[in-house]
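Step one of this worksheet: look at the structure below.
Numbering of residues begins at 1 and proceeds along the displayed sequence. First listed ligand is number 1; within each ligand, the first listed atom is number 1. Everything quoted here is computed from the prediction, not taken from an experiment.
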Amino acid sequence: MAMWLRAGNQAGRAARLARLRTVENGLAGASLDTLTAVVPQLAAAAAANTTWTAAAAATSSWHTTGRHFASGSSGRLAPAAAAAVPATAAQAADAAAAEAAAADPAGADAAVGAAAGTKPGGGEQADAFALVREEVDCVTERLRRDIFTEIPALERAAEYFFRAGAEGKRLRSSMLLLAASALAPAPPSLHHLTIDPAPPAEHPQDVRRRQQRIAEITELIHVASLLHDDVIDSSGTRRGKKSLNAVVGNKVAILAGDFLLARASVSLASLQNSEAIMLMSQSLEHLVAGEILQLTADADEAASMDHYLRKTYCKTASLMANSCKAVAVLGGHSQADCHAASEYGRHVGLAFQLVDDIMDFTCTASEMGKPGLNDLRSGLATAPVLYAAEEHAELLPLIQRRFKEEGDVEAALGMVEASSGLQRTRQLAAFHAAEAVAAVQGMSAPATQHAAEHRAGLLQVTQRVLDRKK
Ligand code: FPP
Ligand code: MG
């Protein structure tokens, strides 16, 4: 457990963390019809389609489990549900992070650093990404070949996202394969470090190949969402290059995303595991819900930390949480370990996005591969701005009008810099990284030295997410 979590009033802290978890678990369990509840336009469409609404009501998890953040099809939050929505999430996380900083000046940052620097058995710790690089390379190469050999027009999409050297750190695949090994009873065999020759529709014969498929599916879903996102944002660049839509136009870029999603669906079905299918499908649903939440936010929502956290869970953390859990499920691990894997992914995802939001203010355009202050310029108030608005009330109208008036972006930047917004966002990111560390430390004991090293790799990833500069 992170150092700062041990200090101070345990009962109060436990209550706050429990509240935070309740809220976020509510989000993790959110189902299809939450869309109708959070997006009024869709609610109206759903109300007009009684067949769909009845079917959704009969099958949805929020009706059956009570884990929901809205009720009915009115399109507005019902009071009881609204109380459980992240009205408390921001406050709980903020309070916990702020208290952490006060109780321990080194903060959650240090706790993560200490855990991430631990090598089982002593000595210098191996690079977490290097531990799984060979296997990740196989997954990437399979994706690349498979996609563009089948549809040459997609070659450019494959080139953009799966080409060696242009694919980024492949954080998602690396995390997933680290998690697979951290929980495994034995290391993967040598043949798992070769490219899987089976076609996407063929049921993978062994557990490790099935887990590799989750890494593959996760990359496909992630890239598909970016292709669509660049169309929605009219973005001309991605990862420092022209975006696909800028090169081939919106229609082909959208279809390329659709193709990747279709391919992911085939691969997912081939796993023949309904829980894994459910988990990955939910992450898809959340991606779309997150994008719609962002796109349709009204003035109050644009200025709301709750809304921001909900959107961030949906757009970034859900895919990481659900894919990590799917890997554990396919490994046949205990419910507790599957839950820990999910928690790890969720907290890493939230920390990742918070750091991203900080970098939008602190990094140069060339470091990020996209224009600086991109969020502000596209009208988005992220955590640093929302925190800054608590200290500078005059920021609120700028947020609500999406920084559209001349000088708004510069004025907002000045207020963020004159506030503790960036520092508090960093604390919140460190809080989530510390929670990710705690999730790994709560997993059942590693079965082998190999598992222990990969578990240490998962811890190191949390530090790398906090430290990343691009
Ligand atoms: C990047 O957001 C975008 C996402 C994380 C997800 C986008 C999701 C959709 C477009 C919904 C459709 C989903 C699928 C699977 C087709 P950003 O604009 O905040 O970040 P950026 O700076 O990287 O563009
Ligand atoms: Mg975008």
- line: Shortest non-hydrogen pair, S281 vs L268, comes out as OG-CD2, 4.2 Å

statement: Shell check on the Mg ion (ligand 2): protein N, O or S atoms less than 2.8 Å away are D229 OD2, D233 OD2

- prompt: Taking only residues two or more places apart in sequence, or in another chain, which ones meet D337 in a side-chain hydrogen bond (donor to acceptor under 3.5 Å, both in side chains)?
  reply: S444

query: How about L279 and E275: do any of their side-chain heavy atoms sit closer than 4.5 Å?
result: yes

task: Using side chain to side chain contact (heavy atoms under 4.5 Å, CB included) as the criterion, point out the one residue from M175, E343, R346 that pairs with C324.
output: M175

query: How would you list, by chain and number, every residue that makes a ring-ring contact (aromatic ring centres under 6.0 Å, His included) with H222, sequence neighbours excluded?
result: none

Side chain, backbone, both or neither: the part of I232 lying under 4.0 Å from ligand 1 by heavy atom: side chain

Could you pull out every donor-acceptor pair under 3.5 Å between side chains of residues 399-407 and any protein atom, sequence neighbours left out?
residue	atom	partner	partner atom	Å
R401	NE	D408	OD2	2.8
R401	NH2	D408	OD1	2.9
R402	NH2	A297	O	2.8

- prompt: Does any N or O atom in D229 lie less than 3.5 angstrom from one in ligand 1, N or O only?
  reply: yes

Atom indices of ligand 1 within 4.0 angstrom of L287 heavy atoms, with elements: 6 (C), 8 (C), 11 (C), 15 (C)

message: With heavy-atom distances below 4.0 Å as the criterion, list the atoms of ligand 1 near L284.
response: 15 (C)

Option from L413, V416, D357, D360 for which side chain to side chain contact (heavy atoms under 4.5 Å, CB included) with V385 holds: V416

- prompt: Any N or O on D233 sitting closer than 3.5 Å to an N or O of ligand 1?
  reply: yes

Side chain to side chain donor-acceptor pair (under 3.5 Å) evaluation trace for S181 with R208: CA-CA 9 Å; S181 284; R208 190 67 181 205; 2.9 Å; yes

query: Would you say the side chain of D229 lies within less than 4.5 Å of the side chain of R238, judging by non-hydrogen atoms?
result: yes

statement: Heavy-atom proximity to atom 23 (O) of ligand 1 ranks first, among K315, H228, R238, for R238

field: Close-contact set for ligand 1 against L261 heavy atoms, below 4.0 Å
entry: 15 (C), 16 (C)

